[in-house]
Amino acid sequence: MLKAFRNLIGGKETETLSGRTFENRNPAEWDEVVGIFPKSDARDVDAAVDAAKQAFREWSLYPAPRRGDIVKKAGDIMVARKDEIAREMTQEMGKVLLETRGDVQEGIDTAYYSASEGRRMFGVTAPSELKDKFTMSMKVPVGVAGVISPWNFPMAIPTWKIFPALVSGDTIVFKPASDTPGTAATLVEILVEAGVPDGVVNIVHGGGSEVGMAIVEHKDVELVSFTGSTEVGKKISGIASKSLKRVSLELGGKNAEIVMDDANLDLALDGILWGAFGTTGQRCTATSRLIVHEKIYEKFVDMLAERASRLKLGNGLDESVEVGPCVNEAQRAKVHSYVEIGKEEGAKLVIGGEAATGGDLKKGWFYKPTIFADVTPEMTIAREEIFGPVLSVMKAHSIDHAIELLNGTIYGLSSAVYTRDINDAFRAIRDIKAGITYINAPTIGAETHMPFGGVKQTGNGHREGGAGAFDFFTETKTVYVDYSDKLQRAQIDTYSAKPGNNRKKD
Ligand code: NAP
Ligand code: MG
């Protein structure tokens, strides 16, 4: 049953020039190889960029609504194949089926939203300051877009990038994460079936430092849309700055949820369990810190420990399982090293703190849901992204103190506040430094038609989702049409040239 995959370059399934391959395994059953993939290098990237460059002109001349029709068709195919894609995704990267179905649905939502934007992509028309002159701006395609994606949302994140890029009229060279090449290959297969012409979407599998870097460095790649770690994002930004290449960076997070003493504690508890342990904590928007008002601190930590210790771990294909494995061995080892640091630095381990290896779990990269209490802001586990099922709990004495703790990291992606006090809620909305703030809902749950992204070292200011994504994938062209049949000079012919006289000329 073992499937061997190839790159898709210029509409053709292509072997790598080197002939090298890599295998991808199921993190819940490490004996199970889910696919063999090409391990490409810079030469394969060259071929893909050439193909994308050649396909660009024709694709850019296709009307945007028709480009949208193709993306909509891709969404329709995803609807028909939703369950099958979700199952493959669970086998590939371990998230439970409930969540992988959600991941595919996010791709579908993005398809339909992006397709509809093909009939908007609004520019601006405004009155000219001169007579008989017309002004407008419009969005125009850019060229070849490099897309580099992480493994935690193997369908949703590539679609956030590829669908708006396609509707914008760009062509694509796509390098998916090495842990989720199978879902990426399925997405490209769907786009081909939907009618994307040859060369418009190209996929090059392989490692970040070889394939990813080659895309970033390529002179004919006009823009790069990257989601991943802050460390790699900084490298990309450094390289791109030399050619002034446009890059969109969606990077790490250290998101916190605040629970005030007047909150509905049962609701906050549900939110925290979903936010911290959903996707095994491997979300950029995962709740990694919990900030609890001192009046309810002891009680709430007890409630949380009781519920979290009962979460069912296992293979995500089993519908009763709530928490899947870490994505790979290195990720589990990284999680455990943070747990060791937390203990050394004096945080109180409440539950978990070790790999889960019993029974059915022995051949997977499972880690027990872990809670540290009495965490203080200077501790490593309060500051660094762990990307695993580890929650650091801190105590606050007021809403302002809680917000100060929440803001005390280099990241600023998502945040959540549970309170029934409208004043505290609005103060939090104003003062929290994050791209996303939820009131009475967990830190996860973005909707695709709304802007998504973070402040500080979570990114470089761009937003995915919603119409803003189209600003990244297009250039803005401003057009002036003068139909006066004479030279008209803006600023000069508009107002009197006499010093001290700013009256309008006739
Ligand atoms: P990562 O190691 O930075 O990898 C992300 C992607 O970049 C992968 O495709 C990777 O390829 C590639 N890559 C690695 N090194 C590269 C290089 N030197 N040049 C170009 N590309 C390179 O991140 P990850 O471990 O996959 O994902 C987890 C991180 O992503 C977390 O920090 C998380 O917070 C962040 N994330 C952010 C968002 C957001 O929207 N803000 C969403 C999801 C995840 P390989 O797979 O081959 O290494
Ligand atoms: Mg895998």
Side-chain angles (χ1 to χ4, degrees), residues 22 24 27 37-42 45 92-93 95 103 106 146-161 173-184 203-218 221 224-240 245 247-255 279-288 326-328 330-332 334-335 384-388 409-414 434-436 443-444 446 448 450-465 469:
F22 68 97
N24 190 16
F37 296 86
K39 193 166 163 46
S40 315
D41 61 29
V45 171
E92 179 166 71
M93 55 74 73
K95 277 199 292 206
D103 194 317
E106 201 166 321
V147 168
I148 304 174
S149 58
W151 46 264
N152 62 340
F153 281 86
M155 183 60 86
I157 291 180
T159 65
W160 284 3
K161 301 173 185 305
V173 176
F174 173 29
K175 186 218 108 57
S178 298
D179 278 307
T180 50
T183 307
I203 184 167
V204 184
H205 294 282
S209 53
E210 279 185 289
V211 177
M213 265 299 127
I215 290 174
V216 176
E217 285 172 341
H218 203 292
V221 174
V224 174
S225 180
F226 172 82
T227 298
S229 59
T230 295
E231 187 192 345
V232 175
K234 284 181 180 170
K235 273 190 211 164
I236 291 176
S237 181
I239 293 165
K245 187 170 293 193
V247 290
S248 165
L249 304 171
E250 294 292 342
L251 310 174
K254 186 70 184 173
N255 317 290
T279 324
T280 321
Q282 303 172 117
R283 285 189 184 225
C284 51
T285 54
T287 311
S288 181
C326 298
V327 75
N328 58 37
Q331 196 66 28
R332 183 169 80 172
K334 182 179 154 203
V335 168
E384 294 187 13
E385 183 177 52
I386 299 174
F387 228 58
T409 74
I410 60 166
Y411 300 109
L413 183 53
S414 188
I436 305 165
T443 56
I444 60 186
T448 68
M450 295 298 288
F452 181 92
V455 304
K456 300 198 266 182
Q457 293 193 23
T458 290
N460 62 345
H462 291 289
R463 291 291 181 269
E464 302 199 288

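Side-chain atoms are counted along with the backbone in the values below, which use heavy atoms only and exclude waters and symmetry mates. When a ligand or atom number is given, it counts from 1 through the structure's own listing order. The first residue in the sequence is number 1, and the count goes up from there.
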Would a distance-only check, ignoring hydrogens and angles, find a side-chain to backbone donor-acceptor pair under 3.5 Å from Ser40 to Gly206? no
Hey, are [Y] and [X] close enough side-chain-wise for a donor-acceptor pair under 3.5 Å?
X: Glu92; Y: Trp151; value: no
X: Gln457; Y: Lys234; value: yes
X: Ser225; Y: Lys161; value: yes
X: Lys95; Y: Thr279; value: no

Tell me every residue that passes side-chain hydrogen bond (donor to acceptor under 3.5 Å, both in side chains) with Gln331, counting only those two or more places apart in sequence or in another chain.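 By the side-chain hydrogen bond (donor to acceptor under 3.5 Å, both in side chains) rule, Gln331 matches no residue at all.
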Write none if no such pair exists; otherwise list each N/O atom of ligand 1 with its protein N/O partner under 3.5 Å and the distance.
from	atom 1	to	atom 2	distance (Å)
ligand 1	3 (O)	Ser229	N	2.8
ligand 1	3 (O)	Ser229	OG	2.6
ligand 1	9 (O)	Ser149	O	2.7
ligand 1	9 (O)	Lys175	NZ	3.4
ligand 1	11 (O)	Lys175	NZ	3.0
ligand 1	19 (N)	Gly208	O	3.4
ligand 1	23 (O)	Ser229	N	3.4
ligand 1	25 (O)	Trp151	NE1	3.2
ligand 1	26 (O)	Trp151	NE1	3.2
ligand 1	30 (O)	Gly228	O	3.2
ligand 1	32 (O)	Glu385	OE1	2.6
ligand 1	34 (O)	Glu385	OE1	3.4
ligand 1	34 (O)	Glu385	OE2	2.6
ligand 1	41 (N)	Leu251	N	3.3
ligand 1	41 (N)	Leu251	O	2.8
ligand 1	46 (O)	Ser178	N	2.8
ligand 1	47 (O)	Lys175	NZ	3.1
ligand 1	47 (O)	Ser178	OG	2.5
ligand 1	47 (O)	Gly208	N	3.0

